[in-house]
Amino acid sequence: MAGFDLSGLTASFGGERVIGPLSLKVKEGEQVALVGKSGAGKSTLMRLIHQHVNRNSSLVPQELGLVNALPVFHNVFMGRLDQHGNWYNTVTLMRPFSRDKDKVRELLKALGMAEKLWIPTASLSGGQRQRVAIARALYRSAPLLLADEPISALDGPMAHQVMQLLKDRFSASVFALHDVEMALAYCNRIVGIQDGQIALDEPAERLVASDIMSLY
Amino acid sequence: MFQSPTVRTSFIFLAIALVGLLFADIAITASNPWRDLGNFFFGVVTPNFFSNEGLMTALLRTVSFAFVGVALGSISGFLLALVYRWLPVRILCAFVRAIHELFWALIFLQFFGFHPLTGVLAIAIPYAGIFAKVYSEILEEADPEPGRLLPPRTGVISAFLYTKIPDCWVQLRTYTAYRLECGLRSSAILGFVGLPTLGFYLESAFSQGHYSDAGAMLILFYVLIATMPLWVKPKLLPVYILGAPFFLGEGLPIVWSNVGRFFTQDIVPSPLRGEEGWAGMGAWLGDMFVNQAMPGIWNTVILTQVALVATGIIALLAFPLISTHFGGPVRRTSGHVFLVIMRSTPEYILAYILLQLWGPSMLPAVVALALHNGGIIGHLIGRQSSSIRLRSDAPSGLSRYTYELVPRVYRSFLAFLFYRWEIIMRETAILGILGIYTLGFYVDSAIQNIQFDRAMMLILITASLNIGVDVLGRFIRRKLALQTMPTC
Amino acid sequence: MALNLMRKLMVSSLFCFGAASASAETFVFTAIPDEDETKLVERFRGVADYLSSELNVDVRYIPVKSYAAAVSAFRNNQVQLAWFGGLSGVQARRLVPGSEAIAQGVEDQAFETYFIANTSTGIEPADELASLEESLQGKTFTFGSKGSTSGRLMPEFYIRETFGEQPDEFFSRVGFSGNHTRTLRLVEAGTYEVGALNFQVWEKELADGNIDTDAVQVIWKTPAYPDYQWTIRGDVNERFGEGFKQRVTEALLNLDDQALLESFPRSGFIPASNDDYEPISKTAEEIGILD
C-alpha cells in the first residue's frame, strides 16, 4: 500500500495553531507537490504525515540528519537499519558486507557520486550531502517517499536527474518544493498550503505557474 | 572505518591497554569479596549518622578548607593568568598542577605539620596552576574586536576591565564554581593523610569495618555536593569566603625553624649532606632509579593506560543512561543519580573502598579510576547527546546508539578522554599511597622512612611524567583537531 | 570584586592564624597508629587526662594517620612526647638530638612478632622459620605499617635472614595492611594467606574473643626484641619548667590505673634508656630502612 488517507491533521506551536485541521489523501501513482511560501507549514505537514505513516516511508528531511562522522556508505546504509538484526548492523559498522556495498555503490553511481563511497560525510559539499540523504531514501525503497525540499542545493541538470529518479523509483510521493517549475514538471498533483490550510488541490496538468504564484 | 584517524587512534590505545593487561597485576585476592561488598552496601543503606561526634565538625572543616583553598587558588591563578604568556610562568604552572594535592599535603605536613595552612596550601597551590591555565585560555578566546575599537590611549587596565572581563565573566564564574566542587572532593581526601576533614573519619570507619558510619559520611558528602546549587549563591559567597578561615580548626602551631630545616637539610640528597658529596650522587640516584623510580613509572604507566581505556568504555556505556534519546524519565533520573554518585566520589575514596573489599591488586584502582572518570565523561557526552536532534525516521535501540549517537559524540568523547589522560595518571600515581605499586607507593615509603630527599626526587619524577603525558595528550588532541572544555 | 575579595580574605586569614598560635603552652603528645583508631583515641584520651592531673598543665593527644606523621610531629616540636614503636622511636631520637626514651612497658623488654596464617593454607606451626620455607614460598603476605617494628622491621629481617631473599621475591604478593588489627582481619578473611603482627595485639584480641581461631592461627614466633617506649623531647624543661621531664617520667612510671594499662595492654611501665634500642637500630640499618 503506497498511499495514505489522513484526516484531522493539526499541529500547534507555542499554543498557536500552525496546521489544520486538514485532511489529505494520496493514492498509489500520485506524485504530490506541496507548494506555498516559506512558513506556510509545508515542513510541519511533512512531519505530521511521517508521524502517521510511521516507518512505512522513505524520508528526505530538510535538515538531512546525516551523521557527519560516518562515511557516505553508512549514511546510506542507515536507510535499512530496521531490516537487519543488531549484530548485522554492528558488524557492518566495522566491515560492511559486499552485497550491501554493491547496492549502495550502484545507487551512488546513479546520483553521480560513486567515488565518494568511503568519504566521511563531513567533508562533502552541500549538494553532495543532499544526494547522500536522497540515496538513503532510495536505498530504503519504501513504497512512499516524503521529501522536504530534496533539490534545494542541487544545480540545474542534477536537480532534474534526481527528480526523475525519485519519480521513477517511488509509486507514491509527497514533495515539499518551493520551485514551482519543478513541481509542475515532475508531479501530477499540486497541493497549495496557505496559513496551515489547503488552499489549492489540483492535478498538475490543469495548472500553469501563474496559478500557483497567487499562493506566494 | 579504520581509515578514520579517530578510530585508528582509539584502536591503538585499546591495543596498548590490552598489552598492558598482560603485565598488570589484576586479581581479586580477598577470599570473600562479595560478602564484604554486601556488608558495605548494607552499611550504606543503614547509615549511622550519630556514631561520631566529630562528623559534623569534619564536614564543616571539609567545606572550609575547600573554600579557602579554592579562593586563594583562584585569586593567584587569575593573577598568573595575566602573565601566562611568559614562558617561565607557564612552566611554573604546569609544574605545580602536575603534583597532586595529596603530595602537596604530604610535603607541607613535614614542616607546617598539622596547621591549617598545610591543607589550605595543598589545595591552593595546584589549583592556582590549573586556574591560571584555564583562565588564560578563557581570556584568550574573548572577542578581540571591542578592544581594537576603544579610543586611543585607553589604559591597559580599563581596556581589560571593559572589554575582556565582561565577555568572559560568565565562563570564568562557571568554571570557578565547578572548581569549587572539585575543591570539596580534594578537601575531603586530605583527611586520609591526617588533616581534620571527612577523609580522616572515613578512613578510620572503613579500616575498622564500621560500614554504617562510613555510609553515613558518604551520604552526607553526596548531599553536600548535590545541593551545592542551593547553598552556593553568588550573594552568600563573600560570607562563606570570609567565614571559612575561622572554621579551619586550630591545628598545631607552626614552628618556623622547621621550614628552614626542610629546605636546607631534609630535601638535600643524602650524599650531599654527608661526606660523600657529589661523588656519591651517581650511586644514590642510580639506586633510587633502579629500585624505586623505574618500577614506579612502569606500574604507573601500565595502570594509567588500562584505566584510560576502561574509562572510555564506561563512559560510552554510561552516557545513554542520561541521554534523552533512550528510556523514559524514571530510567533517566536513576541514570543521573548513578552518574552523580560516580563522579562525586573521588577516585581515591573509591579505590580505597574497593581495595578494602577486594584485596590489593591493580584491579580496584582500575575500576575506581574508570568509574569516576567514566562517570564524568559519560555525564558530559550524555548531556551533549541530548542536544542532538535526530531525524524523525531515526532508528531505535542499539542501531540508534551505534549509528546515530556514538559517531556524533565520538570526537568530543575522545577530546574529554585525552584531556583526562593526565588527570588519570596523576591519580594513578597517588593511588600508590594505598599500596598499589605505582610511584605514590615509593613516595609514601620514602616518607615513612623519613627520607624526604628521596620522596622529593620521586615527586619530581612523577610531576615530569604527568607533564609529559599532558603534552602528549595535547599533541594528540591537536593532531585529531579535538576541542574541549576543561574538566577536573 | 576580585580585589575586594582578596583583601577580605587576607584580613580574615590573619585573624585565623593569630588565634591558632595562642594555645602554645599545651603539652601535646601523640602515638603511632598501630591499632584501630577508636581504641587508640579512647586509650590516649585516658592517658591525657591522667597526665594533665599529674602535671597540672593542659595535655592534649592528637591522633595521626601514619608512623611517619608521628615521627614528623615529634621532630617538628608540634608534639613533645610520643608513644613510639622500637623503630619509630629510634628514627625520632636520631632526628631530635637530646630526646630520650623514658619509659617502656614491662612486656616491651622482650617483645615478639607472631607470623600468622589462614588455616586454609594448611601451614602447620613450627619452632624454626627455616622449616616453613617450602610451605611459605609463593604465598601472599602482609606486613602491618611500613614503619612498624613488630609489623615490618623484625618480620622482614627474619624473612631475609632465613630465606636469603627480599620479601617480595620470596612471596608472590606483599602488602602493607596499615596496622596490626588490620593484618589480623585480612589474614583471618583470607585476603592475605600469611601475615606478621605484634604479639600483644594477637593475645589481647584472642582474650577478648575477637579471633576466629578456626580461620587463622599463629605459625611462628620471633625471638624477643625491645619495642614500644615513651620518648620525650630534650627541650621540654625549657618550655614547661625545670624538672618537667622528670615529672613526666615519674607520672608514666607510676601509672597504675588498671583499665588504662589493660588497654595498651601492658602490666605497667618501667624505666627505659636510648641504649635499650641499639639492637633495633642495628637491624634497621642492616635492611636499609635507616641510613
Side-chain angles (χ1 to χ4, degrees), chain A residues 43-44 46-71 73-96 117-123 133 136-137 139-140 142 144-148, chain B residues 1-15 18 312-313 315-317 319-320 323-326 381 384-418 477 479-484:
Chain A
S43 294
T44 314
M46 273 304 209
R47 251 196 307 279
L48 274 178
I49 297 170
H50 182 258
Q51 264 169 33
H52 282 88
V53 302
N54 206 0
R55 308 216 156 258
N56 211 2
S57 58
S58 286
L59 183 71
V60 185
Q62 200 169 10
E63 64 282 2
L64 305 182
L66 301 178
V67 182
N68 287 328
L70 289 179
F73 168 82
H74 290 96
N75 268 290
V76 176
F77 178 79
M78 284 171 74
R80 284 198 192 171
L81 283 176
D82 56 350
Q83 290 167 34
H84 303 289
N86 279 328
W87 69 270
Y88 190 97
N89 291 339
T90 311
V91 171
T92 300
L93 209 48
M94 297 287 161
R95 250 197 100 74
L117 190 61
W118 302 112
I119 304 289
T121 318
S123 57
R136 186 192 292 192
Y139 185 67
R140 180 166 180 76
L144 173 68
L145 171 72
L146 299 173
D148 193 353
Chain B
M1 225 24 357
F2 291 96
Q3 298 96 316
S4 150
T6 49
V7 175
R8 219 169 337 153
T9 310
S10 313
F11 275 93
I12 290 171
F13 273 80
L14 183 63
L18 288 176
I313 293 170
L316 285 178
L317 290 179
F319 89 82
S323 175
T324 49
H325 297 298
F326 296 97
I381 57 173
Q384 189 186 343
S385 82
S386 296
S387 67
I388 294 172
R389 284 199 42 192
L390 294 180
R391 289 165 52 126
S392 41
D393 65 342
S396 59
L398 186 65
S399 292
R400 166 172 298 195
Y401 176 78
T402 51
Y403 277 79
E404 294 278 3
L405 295 180
V406 173
R408 284 184 222 248
V409 297
Y410 200 76
R411 291 180 68 80
S412 46
F413 158 75
L414 271 191
F416 285 125
L417 196 60
F418 282 123
R477 280 188 287 155
K479 256 287 191 279
L480 297 177
L482 304 171
Q483 276 189 337
T484 171

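Letters go in sequence order (proteins before strands), and every chain restarts at 1. This is a predicted model, so every value here is computed, not measured.
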**Q** Are the side chain of B/Arg408 and the backbone of A/Asn68 linked by a donor-acceptor contact shorter than 3.5 Å?
**A** no

**Q** Pick whichever of A/Asn75, A/Thr90, A/Val67 has the most heavy-atom pairs under 4.5 Å with chain B.
**A** A/Val67

**Q** B/Tyr403 and A/Leu70: side chain to side chain contact (heavy atoms under 4.5 Å, CB included), yes or no, with the steps?
**A** CA-CA 8 Å; B/Tyr403 277 79; A/Leu70 289 179; 4.1 Å; yes

**Q** My understanding is that only residues two or more places apart in sequence, or in another chain, count here; which of them pass salt bridge (charged side-chain N to carboxylate O under 4.0 Å, His left out) with B/Arg400?
**A** none

**Q** For A/Ala69 and B/Pro407, work out which heavy atoms get closest and say how close.
**A** CB-O, 3.1 Å

**Q** What residues of residues 76-86 of chain A sit under 4.5 Å from chain B when only non-hydrogen atoms are counted?
**A** A/Phe77, A/Met78, A/Leu81, A/Asn86

**Q** Apply side-chain hydrogen bond (donor to acceptor under 3.5 Å, both in side chains) to B/Ser392 and list each qualifying residue two or more places apart in sequence or on a separate chain.
**A** A/His50

**Q** Counting only heavy atoms closer than 4.5 Å, note whether A/Ser58 contacts chain B via side chain, backbone, both or neither.
**A** neither

**Q** Mind checking what makes side chain to side chain contact (heavy atoms under 4.5 Å, CB included) contact with A/Ser43, not counting sequence neighbours?
**A** A/Gln62, A/Asp148

**Q** Could you tell me the separation between the CG atom of A/Asn89 and the OG1 atom of B/Thr402, rounded to the nearest 0.5 Å?
**A** 6.5 Å

**Q** Name the region of A/Leu146, side chain, backbone, both or neither, that has any atom closer than 4.5 Å to a heavy atom of chain B.
**A** neither

